[in-house]
Protein chains: 2
Amino acid sequence: MAKRNTRELVLQTSLALFNELGEPNVSTNRIADEANISPGNLYYHFRNKQDIVVELFTRFATQLDRIIAVPVSAALRAEDLWFQLHLSFELKGQYRFLFRNPIDISSRVPSLRRAFMGLFRRERKAAEDMISSLEQSGAMCISSREKEILLNNLMLAMTYWIPFAEMYEEHGLQDGNVQIKSIAGALQMIIPYMAEDARAELTNLAIFYLSHPN
Amino acid sequence: MAKRNTRELVLQTSLALFNELGEPNVSTNRIADEANISPGNLYYHFRNKQDIVVELFTRFATQLDRIIAVPVSAALRAEDLWFQLHLSFELKGQYRFLFRNPIDISSRVPSLRRAFMGLFRRERKAAEDMISSLEQSGAMCISSREKEILLNNLMLAMTYWIPFAEMYEEHGLQDGNVQIKSIAGALQMIIPYMAEDARAELTNLAIFYLSHPN
DNA sequence: GTCTATATCTAGATAGAC
DNA sequence: GTCTATCTAGATATAGAC
């Protein structure tokens, strides 16, 4: 098999196993076994297990950056807000092993700590810009003290909705409705600060998606 | 040394190390070393490492149950709300290793999964009762759909504020202000649904504590 | 590129003397 | 109750043949 293919196979197998069992519970032997290659072969393509994790993180970060980099339009609508959250939640679900315990995974793969921090900082900045845009268009009204706390709460929800949901839902994120519920949760934090009609629009959107699970 | 004392020493040493380094990163040898006893001695007092974790969890759960079991008075005031949150956040800080990754720790110590679930269920029930009490006294107004999502958001915040804070604050929970900020975050989720004066009371309380770090 | 075989290390846990 | 010595298992990673 060509170099690229085996490398890719290892990455995909690792991602699946990490998501299912948790990265610390998956050995390189297990990955090789599941991919039907030898442990030695795996180590021909990757220096070590960390390399695999880092590569997966990099792919995730690249895609998330693309999602949050969407320029904030002057006329930000409820659908836009929902849509961007949906894209980022979807992506995080695909790399959910990263979110079970970011601290622990960072401590085992040192280079990841800075990467995580940077990513979170950019995500927070994107949320901040979005709120500013809503304020300027008159769709939102919030004090700067409240905004600070709201951003914290949003980041908390956007980071930890995955392990939170996995703890309660027996089938974890397989149930598509879990994501919808988590998005609705994040949006409910924002809604109280929105103006009358923008608020109604968002609320209706949430109700619609909650009652139409894919 | 008497049996009780060594057992207790192991528990306290384990708790300190688990909190500092994360339970998966602390070996029984390390615990014995730190406690100045032999590995063999540790295994005389505990069947295995899981036993230590379970014992620590049990102590935590007992204390948390006591805190949330406080009967909800008819005239629930802002201070009461703040005080109960403060007690539970304080306790969770003392056993923070349990919250870094509840799922992972449950998967390594099977009996813990049900225990965690039960505890979270009781905690959610307590929050629900508190909200009901606020509604009945007229201090709060919220639809049943909103209430469901609010309870989710509160549980998310009350469960994961610890790893969230540890990720951002360099000194982790040593900084007393981190707890205050987390409590303020949880309360800000509730405030929008409160009546005018109750809302003002809570907001002022939060501002007071935030500007007076212990 | 891929395999088999193996080296190395660490963690959990036990045996048996004192 | 406590210690020293040791066993076992499993994980990461490497060596060298094909």
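Here is how names work: the chains are called A, B, and so on, in the same order as the sequence lines, proteins then strands, and each is numbered from 1.
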Student: So what does Asn48(A) touch, heavy atoms closer than 4.0 Å: a base, only the sugar-phosphate, or nothing?
Tutor: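 Asn48(A): backbone/sugar contact only, no base atoms under 4.0 Å.
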Student: Just by modelled atom types, is the Gly93(A) backbone N or O under 3.5 Å from a matching donor or acceptor in the Arg96(A) side chain?
Tutor: yes
Student: Is the closest basic N to carboxylate O distance between Asp33(B) and Arg30(B) below 4.0 Å?
Tutor: no
Student: Less than 4.0 angstrom between a side-chain N/O of Thr28(B) and OP1 or OP2 of dG12(C), yes or no?
Tutor: yes
Student: To the nearest angstrom, how far is Leu17(B) atom CG from dA11(C) atom P?
Tutor: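 Leu17(B) atom CG is separated from dA11(C) atom P by 13 Å.
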Student: With nearest nucleotide decided by heavy atoms, which residue, Ile37(B) or Lys49(A), maps closer to the 5′ end of DNA chain D?
Tutor: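 The residue closer to the strand's 5' end, by nearest nucleotide, is Ile37(B).
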Student: Could you state the interatomic distance from CZ (Phe164(B)) to OG1 (Thr159(B)), rounded to the nearest 0.5 Å?
Tutor: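 Here the rounded value is 14.0 Å.
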Student: Name the closest nucleotide to the Tyr44(B) side chain, picking from dT2(D), dA11(D), dG12(C).
Tutor: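 Taking heavy atoms from C-beta onward, the closest nucleotide is dT2(D).
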Student: Please determine if Glu23(A) and Arg100(A) form a salt bridge, counting it only when a charged side-chain N lies under 4.0 Å from a carboxylate O.
Tutor: no
Student: Between Asn41(A) and dC3(C), is there a contact of a side-chain N or O with OP1 or OP2 at under 4.0 Å?
Tutor: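 Yes, Asn41(A) has a side-chain N/O under 4.0 Å of OP1/OP2 on dC3(C).
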Student: Considering every strand and a 4.0 Å limit on heavy-atom distances, what is the contact class for Ser38(A): base, sugar-phosphate, or nothing?
Tutor: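 The answer is base, as Ser38(A) lies within the cut-off (heavy atoms under 4.0 Å) of a base atom.
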Student: I want to check something: taking the side chain as every heavy atom from C-beta on, are Leu112(A) and Gln50(A) in contact at a cut-off of under 4.5 Å?
Tutor: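 With C-beta onward as the side chain, the pair stays apart.
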Student: Please report, rounded to the nearest Å, how far the P atom of dG10(D) is from the CD1 atom of Ile31(A).
Tutor: 17 Å
Student: Return the value, rounded to whole Å, for the distance between atom CG of Asn29(B) and atom P of dT10(C).
Tutor: 11 Å
Student: Whole Å only: how far is the CG atom of Asp33(A) from the P atom of dT12(D)?
Tutor: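 Nearest whole value for this atom pair: 13 Å.
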Student: Take the protein atom CD of Glu34(A) and the nucleotide atom C1' of dA11(D), then report the distance between them rounded to whole Å.
Tutor: 17 Å
Student: Would you indicate which nucleotide in dT14(C), dT2(D), dT12(D) comes nearest to any side-chain atom of Tyr43(B)?
Tutor: dT14(C)
Student: Could you tell me the separation between the CZ atom of Phe46(A) and the P atom of dA13(D), rounded to a whole number of Å?
Tutor: 13 Å
Student: What nucleotide, of dA11(C), dA13(C), dT2(C), holds the atom closest to the side chain of Thr6(A)?
Tutor: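 Output: dT2(C).
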Student: Can you measure Glu23(B) atom CD to dA11(C) atom P for me and round it to whole angstrom units?
Tutor: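 My rounded result for the distance is 13 Å.
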Student: Using atom CG of Asn36(A) as one end and atom C1' of dC3(C) as the other, report the distance to the nearest whole Å.
Tutor: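 To the nearest whole Å, that distance equals 14 Å.
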